[in-house]
Peer 1: 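Encoded as structure tokens, here's the structure I'll be asking about.
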Protein chains: 2
Amino acid sequence: MARDKEQTKEKIIAAVEQLLAREGFSALGVNALAREAGVDKVLIYRYFDGMPGLLRSYGESANFWPTLNEVVGGDIENLKGKGIGAVVSEVLVNFSRALRKRPLTQEIMAWELVEQNELTAILSELREEWAKKLFATFATEAASTDLDLPAVTALFGAAINYLVIRGRSTPFFNLIEIDNDSGWQRLEAMIHLLCQRSFVSLEP
Amino acid sequence: MARDKEQTKEKIIAAVEQLLAREGFSALGVNALAREAGVDKVLIYRYFDGMPGLLRSYGESANFWPTLNEVVGGDIENLKGKGIGAVVSEVLVNFSRALRKRPLTQEIMAWELVEQNELTAILSELREEWAKKLFATFATEAASTDLDLPAVTALFGAAINYLVIRGRSTPFFNLIEIDNDSGWQRLEAMIHLLCQRSFVSLEP
DNA sequence: TACTTAAGTCACTTAATGGTGACTTAAGTA
DNA sequence: TACTTAAGTCACCATTAAGTGACTTAAGTA
């Protein structure tokens, strides 16, 4: 059996992801992790200085968050003619779709609501940066509305987060099917409609 | 020391609430509970047949959910002249305020996102009934809009749930202060504005 | 008063967890 | 080849949890 430190580290980090995806964060412990990786748990302490350090390493190695490109829909320029309302709703819908494709991210987001640790801290930071960059992308359009843009996007973003997280384990919310596409189509339609009617373009 | 079965049962149920409020659901176990109630844990098995049965009893005994009156604002008749948009946003804002006053409910709602058990099942049922009654209250007004009302209220309701739950442990979301009134004022203002602009009254 | 029932106590088992110290064994090097 | 370093193994500790069986003790009743 080859003795390769780097490879063993990678096995451990891979095991974090597998275990998280398969069993959820409540099952994530030193013992279970070592078992999953087929490795002695003492190596987790030696290489990562314990669970928190391991989570930090994992957090830095992974990419849970959708890319900006993914939510902007590929071509920013294309959106510029559409008016701020259409742009915002399109980004929100893209975001919800991107999130729904990422069970691992969902799992960590659920964890985030319940515990603070190195991993959720990293996710929070990433989200912050991400949101800032996104706002920066639309800085000029954002000026052309009388709405409180951070508040509005916080509302819609929070709604999407909640419904996606909740859809993991519950099929309905408020009579809407949140665990499949048919319900999400209704939600998407209302996101578009609410934004379309609410963002009035100011003439400068 | 008096031997009073009913009183002991009540002590145990009270301990569920205290422990849940003080330590959160992750600390809620048979041992900790017996310790909190000052009672031998075997009684939890004898009287409630274990933890699940105890949660059921607790769930049936408590009232975590805001009353309809609380979210309707006291007088339904008063709202009737206002138009559906104003009514909906007022109910939503009242709901958010009611929820923000209930740390225990917040705790259980967080739990609901992460685990399925007797208690969260009861909370889900209550929410379902509650939502149905609420919709029934405004059945006539609800007809006077072209919006998909369940979808719209699901979005706002989900947003409120998420932000309230998240505010327990994190001060900011998307640049908004969600752990105090100043941020919530901005959110409330946008809820009102979005509803006002989105609900167009149809003439019958 | 003697007896039965049930309320409450105690001690224990089993299993899992996080964490550590001492060991063995492989790889690289003087 | 002999030696050092570090990769990986193993056995163990303390703690905590859920759950159970046997016990004691109080209350009500014949």
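Labels below follow one simple rule: chain letters A, B, ... track the order of the sequence lines, proteins then strands, and each chain is numbered from 1.
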Peer 1: Name all residues meeting the side-chain contact (heavy atoms from CB on, under 4.5 Å) criterion together with A:Ser26; count only those two or more places apart in sequence or in a different chain, and write none if there are none.
Peer 2: none
Peer 1: Table please: side-chain donor-acceptor pairs of residues 49-58 of chain B below 3.5 Å, with sequence neighbours left out.
Peer 2:
{"residue": "B:Arg56", "atom": "NE", "partner": "B:Glu118", "partner atom": "OE1", "Å": "2.9"}
{"residue": "B:Arg56", "atom": "NH2", "partner": "B:Glu118", "partner atom": "OE2", "Å": "3.3"}
{"residue": "B:Ser57", "atom": "OG", "partner": "B:Gly53", "partner atom": "O", "Å": "3.3"}
{"residue": "B:Tyr58", "atom": "OH", "partner": "B:Glu17", "partner atom": "OE1", "Å": "3.1"}

Peer 1: Near DNA chain D, under 4.0 Å by heavy atom, which residues of residues 11-29 of chain A?
Peer 2: none
Peer 1: Please determine whether a side-chain nitrogen or oxygen atom of B:Asn31 lies at a distance below 4.0 Å from atom OP1 or OP2 of D:dA18.
Peer 2: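 Yes, B:Asn31 has a side-chain N/O under 4.0 Å of OP1/OP2 on D:dA18.
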Peer 1: Under 4.5 Å between any side-chain heavy atoms of A:Thr170 and B:Gln116, yes or no?
Peer 2: yes
Peer 1: Identify, residue by residue, the members of residues 36-54 of chain B with a heavy atom below 4.0 Å from DNA chain C, and return them in order of residue number, or none.
Peer 2: B:Asp40, B:Val42, B:Leu43, B:Arg46, B:Tyr47
Peer 1: Go through the structure and list residues passing ring pair (Phe, Tyr, Trp, His ring centres under 6.0 Å) with B:Phe25, not counting sequence neighbours.
Peer 2: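 Applying ring pair (Phe, Tyr, Trp, His ring centres under 6.0 Å) to B:Phe25 gives B:Trp111.
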Peer 1: Indicate yes or no: does B:Asp181 engage B:Arg100 in a salt bridge with an N to O separation below 4.0 Å.
Peer 2: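 Counted as a salt bridge, because a side-chain N and a carboxylate O are separated by less than 4.0 Å.
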Peer 1: Take B:Asp4 and B:Lys11 through the salt bridge (charged side-chain N to carboxylate O under 4.0 Å, His left out) test and state the conclusion after the steps.
Peer 2: CA-CA 11 Å; B:Asp4 187 331; B:Lys11 273 206 293 188; over 6 Å; no
Peer 1: Could you tell me whether the side chains of B:Ser89 and B:Gln196 share a donor-acceptor contact shorter than 3.5 Å?
Peer 2: no
Peer 1: Please determine whether a side-chain nitrogen of the Lys or Arg among A:Arg166 and B:Glu112 lies less than 4.0 Å from a carboxylate oxygen of the Asp or Glu.
Peer 2: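 Looking at B:Glu112 together with A:Arg166, the answer is yes, because their closest N to O distance falls below 4.0 Å.
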Peer 1: Give the stems involving DNA chain D, where a stem is 3 or more consecutive Watson-Crick or G-U wobble pairs (i with j, i+1 with j-1, and so on) under 3.5 Å.
Peer 2: C:1-30 with D:1-30
